[in-house]
There are 2 protein chains.
Amino acid sequence: MSIHARPTLEDVAARAGVSRATASRVLNSSPRVSPEALEAVTAAVSELGYQPNRAARALVTRRTGAVAVVFSEPEPKIFDDPHFARLIRAGARALADVDVQMVLMLVHSPDDQARAHRFLAGGHVDGALVFAPHQNDQLVSIVKKLPLPVVYAGKPWGPLRGLHLVDNDNEGGAVLATEHLRSLGRKKIVHVTGPLDELSAIDRLSGFKSAMGIDDKAVAKLTADGGFTKQGGRKAMTELMAKVPDLDAVFVASDLMAAGALEALQEAGKRIPEDVAVVGFDDHVAIAEHTEPPLTSVRQDSDQQVKHMVAHLMKLVREEPVKQKREMLPTTLVRRESA
Amino acid sequence: MSIHARPTLEDVAARAGVSRATASRVLNSSPRVSPEALEAVTAAVSELGYQPNRAARALVTRRTGAVAVVFSEPEPKIFDDPHFARLIRAGARALADVDVQMVLMLVHSPDDQARAHRFLAGGHVDGALVFAPHQNDQLVSIVKKLPLPVVYAGKPWGPLRGLHLVDNDNEGGAVLATEHLRSLGRKKIVHVTGPLDELSAIDRLSGFKSAMGIDDKAVAKLTADGGFTKQGGRKAMTELMAKVPDLDAVFVASDLMAAGALEALQEAGKRIPEDVAVVGFDDHVAIAEHTEPPLTSVRQDSDQQVKHMVAHLMKLVREEPVKQKREMLPTTLVRRESA
DNA sequence: AGCCCGATTGGGATCGTTTTCATAGGGAGT
DNA sequence: ACTCCCTATGAAAACGATCCCAATCGGGCT
């Protein structure tokens, strides 16, 4: 090995006085190595600052050591919603922890879909984490056909048969929120939903419904769609105040919408929580702690979700058995001042 | 080639009736190949749906086909500031366009720095795009020592000798903004700065100073630090209203801060733009178009900046000559209603 | 002593490319 | 007709890991 070249396994083996094969076994923590060999190789590795060559390894193991993280979302939301930034960050971290490279793909247009298809089919990654909540998302049908391990974030639309996913307990969280409002003695509770082409929004709605013990017809009178945006939340809240003038509590299906709803309520002269109690969803700290008053919210731990997704995916990639295809993460209520 | 295995170059060559070497030459668009061979190979490639094996290629070319995109930013900002989401997205897109994988690294803690160092030194990527605007950022000194092509976004702190970077014309943009306010006949113009441990903030300040034609002492009386956050902008604005009660215009060094400043002004009963004209910086559409009133702002095109960074980096990676180490992108004024 | 067995080990093939080097095949120039 | 060169080609050697397979080495039994 020349002075400037990076050391290879050969160099390590030479230094440790063993063969390449043995050195390799140490690196892959095979049990069939003597303690002395193990020590010698370990020492050589750290003395030389050896780092395995990914490409060489990938070539022979037929694994790339990279996974794709795919966000399928019509253009603009990725900018506005801090939720995405958080998920991306969680992904970067969780994957780095298991020493896997993350290939980030943001899919907006049909063009992007085609590109994603080519890439995923091209064997450039060992698996994929897919964030595609919307109904009729072409990407999901594309990905389903691929012979590639995939773990979804939340339920994608369509049949779930055979899909691996990690979901938050949206329904349970909604029940928690609603029951909390009821336990405060609130009688007229309304609900700002997310876009109903996302199952997370639907699940939250159905949690609300069941905690209220009402049917579809009754529920329609108590809800409005806020589209998971701040503006939308504001608008939906205004709408609900017109529809249900005597409302005294609202469960809003996301913190971002709740921030909008709070503004609408306050502009209408309502005091929070005296006149109207408000509960959000996400417990997105950057939002919930800075609203006026601070927002009571249902906590879903996205970091945790992504971590589970990664762990799950790595099992699939290594063809280890997984206990269950679908994991459900609990949600909890975080009380602040708005309810 | 078996039925399910991905085709290799060997398969392509066989089908085209040439040797592996010739097929390879076609793929790398070498000039030394006959038209017939070219056509035959091209046809075979598309018939078989061949995609080169990255690992094999990486192994022999000693290039990974991946670059790191590194953000060095104390924890929380990455969530709040939509600017980051935009940069990340621009990076993902620009790199996908040149068929290079992006490895996203978010560096917050010293631990992260160590990890980044190991990774970058480990030869896992061909180069890096570095976003590290702050003073005394350890990461920059680490990265500088690495024998790795690097392109910075904006000027990192410290000596620029030998560094490659793509910067926005912050100073020019600030001049544009300030002169626009003067041309409206405003007499008492103040400035909300970004954190002065970032050179972009300093450059904007110095543009303001030179357009106002005043010295450091005078400038101190007309400025306050808003830290590039919304809350900070609000606070700085309040401070300035106390310091300069008769102010009739403000140039705010970012749109996010401008949103906060607008709130502060309006709560103090000022009409925009009648009483106080406001100009922001960034032209971050998601913000500037939705403030009340819509915000006049200095446009810097981050997508373009990232694209240039990628192009620049790829030249370095391929060891092609670059005309100039430092590129400066123009900024323009976008008029809306706030000034 | 002779044999077997399990535990370690090393040799060498292999993964799919790129790239060097040698060679074949023509046309141009004398 | 013979050389000279230039172009297009193919054979084969890398690149740096993993892993199959055979070989070695003791130790425990018979």
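First the proteins, then the strands, lettered A, B, ... as listed; each starts at 1.
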Visitor: B:R57 has an atom CZ; how far is it from atom P of D:dG16, in whole Å?
Guide: 18 Å
Visitor: Counting only heavy atoms not in A:E47 (residues, nucleotides, ligands), do more than 12 fall under 6.0 Å from its CD?
Guide: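 Atom CD in A:E47 is crowded, with more than 12 foreign heavy atoms closer than 6.0 Å.
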Visitor: Just to confirm, is there a sub-4.0 Å distance from OP1 or OP2 of C:dC15 to any side-chain nitrogen or oxygen of A:R62?
Guide: no
Visitor: Closer than 4.0 angstrom, basic N to acidic O: yes or no for A:R93 and B:D112?
Guide: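 Result for this pair is yes, salt bridge flagged.
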Visitor: Are B:R115 and A:D97 close enough for a salt bridge, meaning some N to O gap below 4.0 Å?
Guide: yes
Visitor: Rounded to whole Å, please give me the gap between CG in B:D11 and C1' in C:dT17.
Guide: 13 Å
Visitor: Does the B:N28 side chain pair with the main chain of B:S30, one donor and one acceptor, at a distance under 3.5 Å?
Guide: no
Visitor: To 10°, what angle do the rotation axes through the five end pairs on each side of the helix from C:dA1-D:dT30 to C:dT30-D:dA1 form?
Guide: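 Between the axes fitted at each end of the helix from C:dA1-D:dT30 to C:dT30-D:dA1 lies an angle of 60°.
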Visitor: Both B:L59 and A:V18 contact DNA chain C. Taking the nearest nucleotide for each, which residue is further toward the 5' end?
Guide: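 First, find each residue's nearest nucleotide; the 5'-ward one identifies A:V18.
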Visitor: Indicate yes or no for a side-chain donor-acceptor contact from B:R6 to the backbone of B:Q51 under 3.5 Å, with no hydrogens or angles considered.
Guide: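 Flag set: sc B:R6 to bb B:Q51 pair under 3.5 Å.
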Visitor: Let's go through A:V107 and A:Q138 carefully: what are the C-alpha distance in whole Å and the side-chain angles of both, what is the deciding distance for side-chain contact (heavy atoms from CB on, under 4.5 Å) to 0.1 Å, and is it a yes or a no?
Guide: CA-CA 11 Å; A:V107 178; A:Q138 271 299 104; over 6 Å; no
Visitor: For DNA chain C, what residues of residues 19-34 of chain A have any heavy atom nearer than 4.0 Å?
Guide: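 DNA chain C contact set from residues 19-34 of chain A: A:S19, A:R20, A:A21, A:T22, A:R25, A:R32, A:V33, A:S34.
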Visitor: Between P on C:dG12 and CG on A:L9, what's the gap in Å once rounded to a whole number?
Guide: 17 Å
Visitor: Start with the C-alpha gap between B:L27 and B:L9, add the side-chain angles, then the distance that decides, and say whether side-chain contact (heavy atoms from CB on, under 4.5 Å) holds.
Guide: CA-CA 10 Å; B:L27 261 78; B:L9 192 52; 4.3 Å; yes
Visitor: What is the distance from CG of A:L38 to P of C:dT8, rounded to the nearest Å?
Guide: 11 Å
Visitor: Surrounding CD of B:E319 (heavy atoms of other residues, nucleotides or ligands, distance under 6.0 Å), is the total greater than 12?
Guide: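 Atom CD in B:E319 is not packed in, count stays at 12 or less.
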Visitor: For the pair B:D303 and B:R86, find out whether any cationic side-chain nitrogen is under 4.0 Å from an anionic carboxylate oxygen.
Guide: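 B:R86 and B:D303: salt-bridged.
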Visitor: Quick one: which of D:dT9, C:dG16, D:dT18 gets closest to the side chain of B:N53?
Guide: C:dG16
Visitor: Relative to the ring of B:F71, is the ring of B:F84 parallel (under 30°), tilted (30 to 60°) or perpendicular (over 60°)?
Guide: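 Correct class here is perpendicular.
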Visitor: With sugar-phosphate meaning primed atoms plus P, OP1 and OP2, does B:A37 contact a base, only sugar-phosphate, or nothing at under 4.0 Å between heavy atoms?
Guide: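 Touches sugar-phosphate only.
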Visitor: For A:H312 and A:H164, take the angle between the two ring planes, folded into 0 to 90°, and tell me which bin it lands in: parallel under 30, tilted 30 to 60, perpendicular over 60.
Guide: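 Rings of A:H312 and A:H164: perpendicular, over 60°.
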Visitor: Would you list the protein and nucleotides 4-6 of chain D atom pairs, both N or O, that sit under 3.5 Å from each other?
Guide:
none

Visitor: Assuming nearest nucleotide by heavy-atom distance, tell me which of B:P35 and A:A55 is located more 5' along DNA chain D.
Guide: B:P35
Visitor: Expressed in angstrom and rounded to an integer, what is the separation of A:R54 atom CZ from C:dG16 atom P?
Guide: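 Rounded to whole Å, this separation is 20 Å.
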Visitor: Provide, to the nearest angstrom, the distance between the CD atom belonging to B:E10 and the C1' atom belonging to C:dT14.
Guide: 14 Å
